[in-house]
Structures are given as structure tokens and as C-alpha cells.
Amino acid sequence: MCGIVAYTGEDTAKDILLAGLKRLEYRGYDSAGVALEGIAPDGSTTLDVTCRVGKVMGLASELEGHDAASTCGIGHTRWATHGKPSVANAHPHTSCDGRIAVVHNGIIENFAELRDELASRGHVFTSETDTEVLAHLVEEAYARHADLMAAVREACTHVVGAYGMAAVSADEPGVIAVARKDSPIVVGRGERGSYVASDVIALIDATRDVVVLEDGQFARLTPTGIEYTDDAGEPIEPAVTHIDWDVDTAEKGGYPDFMLKEICEQPRVVRDTLVGRLSATGELDIDELGLTFEELDLIDRVYVIACGTSYHAGLVAKNLIEAWARIPCEVEAASEFRYRNPIITPSTLVVAVSQSGETADTLAAIRDARIKGAKVFGITNVVGSPVARESDGVIYTKANKEIAVASTKSFIGQIVSLTLLAMLLGQVKGKLTTGQVRMLFRELGDTAAQIQWILDSQRTAVHEAALACKDAQSALFVGRGMGAAISYEGALKLKEVSYLHAEAYAAGEMKHGPIALIDPGFPVIAVTTKSPTYDKVVSNLKECEARGAKIIALATQGDEDIKQIADHVIYIPPVRDAFSAITASVPLQLLAREVAVMRGCDVDQPRNLAKSVTVE
Ligand code: AGP
């Protein structure tokens, strides 16, 4: 996702754009930019474009003392899809003559052919992005129409894909042309001007009466009004929506807390993390790793180092890397890794996983591993973070800003990214054929809809399970294989947001000690999804049931047998066991949050915790 803001009116456009972009940073923040209308010494109108890598705050400092008189402009905060985060790739993008500027949210699927066509007609491109083709398409159309709205409408007829876009022209001072297809655009009138944004949160201070543009609708904004038209250019009167959220709620998109909002964003995180990752020939594309297939093939050992939830993503990765690439993979708590003098050779790959990208333990481990000669990859959610900067290559999880302290959507983004890495290693080492990679990639993408099914259909089952364990003193999470890996994550989630003590064990370990904890009513949350070890897990559960445990089972849709031993069943759709961590984690996140809410806890900011731990 990216964030768009635009304004034309009586006030200082720069201030309005920066404030709006700050509100939209959750949509992406690897770079930001604005185009502001200015007046040249000869009195003609110009467009002053300023772009900056990093967050909006950096752009604001760059704009200090500039463009204070401008009353019309467009702004953008980027989350990179095509082209790395850089000034050249930051929006706005401009026409060859610099007199037209556009900002865009979405993906132009046919941008490569459009780019070739435009270049063959003499257009010069300055970025790697798909968006830049829009600026040149509008430029060509404007030469024919001499009308910005008509030019934008024509430009959109050439585009295959999704766009929410805004454009300005130095030849039409005060006018902003807006178009929407599959990417959100909201417009509205304030007392002192007209506004555009990707999300209502960015213009709610100016107006609560907004028009959410629909696909194929266009808007022409001036300082005194907004004209709406359809794709034929005919006037329309779209519905006006009154926003009754307060700003805080609007930032949560109507959800009661960020944790639930972010849990519900997970289908998008899966889809976004996979965008552009598989070529037409079935080759995986993780070009950020900066390693050739030959160099990857030389890797004979992988360490995944991380902390907390990110460490649990590593536990999932271990199963996948060893299954598909057939090389040893060890998962290490970063705080331990550097103090035990690990065995590292030039063919060792260290993968550092960190949502914040600034966890001190993980950073220290990276530095140590690099001194010992390891190749280090970072998997992080924060562009330009220390982990990203200090790694040889980096994969950005496409989760966007995660506000709740308890990691949820970034965890899913980490698992999907690590799954891609495992598939790549398997493909490079000849253990996975191109056909197998294509099939796995497709099934991996299917988990987005499976998560949505869980969110749509299992909230009641989760609520009832939460009621059953909310008053317990302690709980056990058990599973085998992937089920064991996410049991550790489930226990951490429950602990950190509800303060209910929880532990996780491989189900087979119960009889070697932990089963001593079981007394009547003791909650055991078990991952009993269909897997090669399903029958074994069920046997372990029967041992718990025999001692009076209250059993909450995560099961595969259609499994009726599990009801014979479980007090509560939460279902997930059938999925390949390798991908079950992605979907089965969601009920555990929801369960932790439900229990926390029932226990009156602050799910977004649990006591004693911080979103990033920058001390060792
Ligand atoms: C998980 O919900 C916690 N927020 C915490 O365990 C976190 O995963 C850990 O501190 C690591 O943070 P990082 O991913 O930013 O490195």
C-alpha cells in the first residue's frame, strides 16, 4: 500500500500534505515526496518536486523554508513494490517537461510494455517504478486535450491494474485531477479548500463528509469545488459518506484496537509479500538477497537468529529449509547466539529476522556473525532499519507499519518471506523442480483466502474458547512439527497480551514431565490440524483428557473426530502442512486477544513491553 494526499485551496498546501502523509505512514514509509505549485520569477506557474527516502519527518525537514506560499499540491508516502526505496523511485513522478506530476497507489501490471512504447516515442524515464508511466501517459494525452482531467481519463484507458492517482499540471494552477480503480481514494470539501487522500484519516480534520470514489469515477478538484465524472466524462453525483469516527478510531479503521486491525490485515500481507516474487518462467525472484544462484548453492548451513515472535518464525523456517533444501538449519535466540561461539564458515548463511529491525540482541548477533565471516540476510518490516543496513541482503516483509506491540501481521510476513527463502534454496540446490515451486507458490498464495475464511467464520468459536480459559492460572500449548513451532508463538501471544501464564511443548514431550501440571479444568490448547503426526497428537491429548484437562483444539475443517476429545474446536481450512503455520497462527492470535480483552488488558500496549527492544 502507499499513501496519497492532495490539496487545493486557500491554505498552505505543504503543511496540509505533510500532516496528511504522517497520518498515512501506516500504509508505507520507505520514501515520501510532494509536488507543490510555485510561481517562477516571470510569473508563470511551476511544479516544485521534493522527494526523500525514509519517513515523512525527513521530508518535512527538507521542506522547511520552502514553498510556504503554495496553495496546491500532491503528496505521497511510498511502500515499494517496483523499484527499491530511493529518491528516484519516490513519488511524485513527472512528465519529461516537468510540468505534470502524479502520485499513485496500486500496481500497473502492463507497465513494462507501456514503458517500452513511451520510450520508443522519446519519453525519458528516471525511475524503476511502474507509476512513472502514468506521468508520461498523461503528458501525451495532455498534448492532445490541453485539459488535465481529460488527459488523466485517457491515460487510464491504457492501464491494466490498480490505481488511485492524483495529478497536477503547471498549466492548470489550482487544479487536481483524480482517478480510481481498485485502490482507495477519498475526496472532500473543507471550509478552505478541496482534499484528496487514500484514507479518510488524512482529511478527517478538514471534513467529515467525504466521497469514497468508486472504480471508474473521476474527480476534478479546484479551490472552490469538486466536479465528479464517469469514465465517459459525464457528470455524476456520487454518494457522500459522513464519518463519525474520531481520529483515534479512524486510525484503527473502525476496529476497537490495532491488534485486531492488524490481525485482519494478514490476508493482504500474504498477497503483498508475494507480489512480483515469481517470474513467468517459474523462477523465484528475491533479488534483494544480492546473491547469485551459484553463491546460494554453496550454502551448507543456515542459522536463523531472532528474538520473541521473530524467533518463532525461525522455528517454522527450520522445518521448511531442512525439508526443501536438505541443509541443516538451526534457530537461535539472538541473545544466546553470539555468546556461544557458533560454528561459522564462508558457506554459512545467517538470517536475522526482526520486525523493528532495531532489536539490540539481533543487531549484536549480526555484527558478530559478520566478523566471523558469515553471509547475513535480514528479514525486517522497517525499511532502512539498522538490521536492513547491516545485512548483506534484505527481504522486507510487506506488513507495513505494525502499531500493536504484539507482533501478528509482521509474523505472517516473516513466515511467508522465510518460506520463499526456503523454496529458493530448494530450487537452487535442485531439490525442488520449477513445477514444484510454481505449485507451492500458488498454494502459498491461497493461504490469504484461508486466513480470511478463519477471520470470517471462527470468531465465535474463538470467543467461546477464550471464555473457557480466561480465568485459568496457566495454560499449555502443544503440537508437533509445524504445530509445535506455532504453539510457542501461541503461548507467547497469550502471555504478553493477557498476562495469563502459558507454556508450549512439543506434544510428545508432555509425558516426560509437563503432564504433571494437568488437573481438572487445566486448559490445553492443541494444534491438531491434519498432518503426518495428527494421530500422535491426538494420543497425547487423550492422555491430557484422561486427567481432566480442558482441551481447545485447532483442527482442520471437516474433522469431526476431534470433537470426541476436545471441549472446544476452532477450525482452519485444509492446507499443506508446510503452510499450516500461516493459517493456524491466526486463531491463536485471536484467542490471545480475546482472553486479554476479557481480562481487561490493554491489547495494544501490554504492561512492561515495548514494540522494539533496543537494549541487550
Ligand atoms: C512479539 O509479539 C513481541 N513484540 C516481541 O517478542 C518481539 O517479537 C521481539 O521483541 C523481537 O522484536 P523484533 O522482531 O522487532 O526484533
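Below, all heavy atoms of this structure are taken into account, side chains as well, without hydrogens, waters or symmetry copies. Read the numbers this way: they start at 1 and go in the same order the structure lists the ligands and their atoms.
Listed by number with element, the atoms of ligand 1 under 4.0 angstrom from any heavy atom of Lys493 are 1 (C), 2 (O). Against a heavy-atom cut-off of under 4.0 Å, Glu496 is close to the following atoms of ligand 1: 1 (C), 2 (O), 3 (C), 4 (N). Heavy-atom contacts of Ser310 reach the following atoms of ligand 1: 8 (O), 13 (P), 14 (O) (cutoff under 4.0 Å). Residue Ala406 approaches ligand 1 through these ligand atoms, each under 4.0 Å from one of its heavy atoms: 2 (O). Listed by number with element, the atoms of ligand 1 under 4.0 angstrom from any heavy atom of Gln355 are 13 (P), 14 (O), 15 (O), 16 (O).
Side-chain polar atoms of Ser310 and Gln414 form a donor-acceptor pair below 3.5 angstrom. Asn89 and Ser86 are linked by a side-chain donor-acceptor pair at a separation below 3.5 angstrom, with hydrogens and angles left out of the test.
Note on Glu332 versus Arg340: salt bridge recorded, some NZ/NE/NH1/NH2 to OD/OE distance being below 4.0 Å. Using a cut-off of 4.0 Å between Lys/Arg side-chain N and Asp/Glu carboxylate O, Lys429 and Glu322 are scored as not salt-bridged. Under 4.0 Å is where a charged nitrogen must lie from a carboxylate oxygen, and between Arg23 and Asp199 no such pair does. Salt bridge Lys372/Asp368: present, at least one basic N to carboxylate O contact under 4.0 Å.
Under a 4.0 Å heavy-atom criterion, Glu358 is not in contact with ligand 1.
Identified under the side-chain hydrogen bond (donor to acceptor under 3.5 Å, both in side chains) test for residues 457-469, with sequence neighbours left out: His463-Glu594.
Proximity annotation for atom 15 (O) of ligand 1: of Ala404, Ser356, Ser410, Ser356 comes nearest, heavy atoms only. Comparing Thr359, Val405, Thr380 against atom 13 (P) of ligand 1, the shortest heavy-atom distance belongs to Thr359.
Of the N or O atoms in Ser407, one or more lie within a sub-3.5 Å distance of an N or O in ligand 1.
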